[in-house]
There are 2 protein chains.
Amino acid sequence: MNTNLLSYIKRYINLTEQEITVLSEHVKIRTYLKGQYIVQQGEVCKYESFVISGCAKTFFIDTEGNEHVVMFAIENWWTADLGSFITQEPADYNVQCLEKTTVAQFSHESLELLYAQIPQLERFFRIIIQKAYVASQKRIVRNFSLTAKERYLNFRKQYRDIEQRVPQYLIASYLGITKQFLSKIRAELI
Amino acid sequence: MNTNLLSYIKRYINLTEQEITVLSEHVKIRTYLKGQYIVQQGEVCKYESFVISGCAKTFFIDTEGNEHVVMFAIENWWTADLGSFITQEPADYNVQCLEKTTVAQFSHESLELLYAQIPQLERFFRIIIQKAYVASQKRIVRNFSLTAKERYLNFRKQYRDIEQRVPQYLIASYLGITKQFLSKIRAELI
DNA sequence: AAAGGATGTTCACATAGATTAACAAAAAGC
DNA sequence: GCTTTTTGTTAATCTATGTGAACATCCTTT
């Protein structure tokens, strides 16, 4: 059983040795190379993935063929197309690795089995999702009430570790602006 | 025990008669008049509220004093400042009734007690929040990839029942545009 | 070291949507 | 029924951000 994942789970719930064993039997560790896809738009999202090491972006291609970055995931973050995972219908998003990335994966069937065998996991995932939901709402609010420059500064403050690792044009996409405009903002800040 | 709430919960989990009794002991039914606040920015959000009848808006006032509508809630929707409810810290948002509104409320303490006594509720709220999270992510995506007109059309299609009940300028605020620009879009559509 | 691709910058011009202000229409109060 | 308040519209002007194209850097790979 991966220690990163285990200590992450233990922040929220307590598990017995036996439960940990059950859990570990249903988690699959997998490593993807830079550029590989964990989830592909149009295919069913098979796993919820916990990032052990590396970095991935979630994005989609709109009707005009433009790429939009929805989120990034680094160590100790979860990534998936949750809508697709829940309903087992085709994904709206892609998840692609920006570096060599190792993840711990839960399949849909495994997770349902685990919920039945370790009811505490319902609590664990409820808490995780609650936090993600709150963060998501805050992002909506920021997008409406802040300028591009303010959003960029906020991003830098909140995700400095991500900012160091991913190219500017992906950050621009995440912020909902063009790379040229981000470049202009960065120039102004010096 | 309110029938709306009960049948809503039964869509996701099965409860015994005894569990329903426990549940009903911890739910408070309350009616607010038009204009009253269920949650106030700056105060701790005491309840998660399930709307039985009526309509409410969630909004916040930014540093320039402008109001931004974050979401609406009508029959069978939940409303709260979830971030504040979870952490029991001051709320970022207001929830104000747009009509006379009756809600079923769960306090933080009640809910923790209920989770302990009816573990299935963890599952129920996990599922609810997962759906809310997915919807929230989709909204972020729409805000980035669609024009104001497209967002308005999408809103009309998805929330026709809300569109009928709330003034245009609140819809404009929800969409992140001015009421004047929404008016222009509406004129174009005829 | 040269060549090629990925990434970042600058600038001129275009546009979606904001702002201000005036007015129209509908709803609520008296 | 008339007045006041709330809600919705129109139009002129302004601004934040997008678009396209050219160029500059910086990694890779050979």
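Reminder, nothing fancy here: chain letters follow the sequence lines and each chain counts from 1. This one's a predicted model, so the numbers in the text were calculated from it and none came from an experiment.
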Nearest whole Å is fine: how far is [N] [atom2] from [X] [atom1]?
X         : N       : atom1 : atom2 : answer
Lys179(A) : dT17(D) : NZ    : P     : 19 Å
Asn143(B) : dT17(D) : CG    : C1'   : 16 Å
Lys34(A)  : dC27(D) : NZ    : C1'   : 10 Å
Glu64(A)  : dG18(D) : CD    : C1'   : 13 Å
Phe181(B) : dT19(C) : CZ    : P     : 13 Å
Glu150(B) : dA16(C) : CD    : P     : 11 Å
Glu99(B)  : dA27(C) : CD    : P     : 15 Å
Phe144(B) : dG18(D) : CZ    : P     : 10 Å

Response to the item:
With the side chain defined as heavy atoms from C-beta on, Ala187(B) is closest, among dT17(D), dG17(C), dT10(D), to dT10(D)
Worksheet, complete the sentence: When Leu182(A) and Gly176(B) are each assigned the nearest nucleotide of DNA chain C, the 5'-most assignment goes to Leu182(A)
Worksheet, complete the sentence: Contacts of Gln180(B) and Ile185(B) projected onto DNA chain C by closest heavy atom; the upstream (5') one is Ile185(B)
Item to complete: Map Lys149(A) and Gln168(B) onto DNA chain D by nearest heavy atom, then report which one ends up closer to the 5' terminus.
Response: Gln168(B)
Below the 4.0 Å mark, does [N] have OP1 or OP2 next to a side-chain nitrogen or oxygen of [X]?
X         : N       : answer
Arg186(B) : dG8(D)  : no
Thr178(B) : dA18(C) : yes
Arg151(B) : dG17(C) : yes

Tell me if the centroids of the rings in [X] and [Y] come within less than 6.0 Å of each other.
X         : Y         : value
Phe72(A)  : Tyr159(A) : no
Phe85(A)  : His108(A) : yes
Tyr133(A) : Trp78(B)  : no

Item to complete: Could you check whether Tyr169(B) gets within reach of a base, just the sugar-phosphate, or nothing at all, counting any heavy atom under 4.0 Å?
Response: sugar-phosphate
Practice prompt. Indicate, with a heavy-atom threshold strictly under 4.0 Å, whether Lys184(A) touches base, sugar-phosphate, or nothing.
Written response: base
Worksheet entry | Carboxylate-amine/guanidinium contact Glu112(B) Arg123(A), below 4.0 Å | yes
Worksheet item: Would you say the side-chain atoms of Ser49(A) and Gln105(A) include a donor-acceptor pair closer than 3.5 Å?
Response: yes
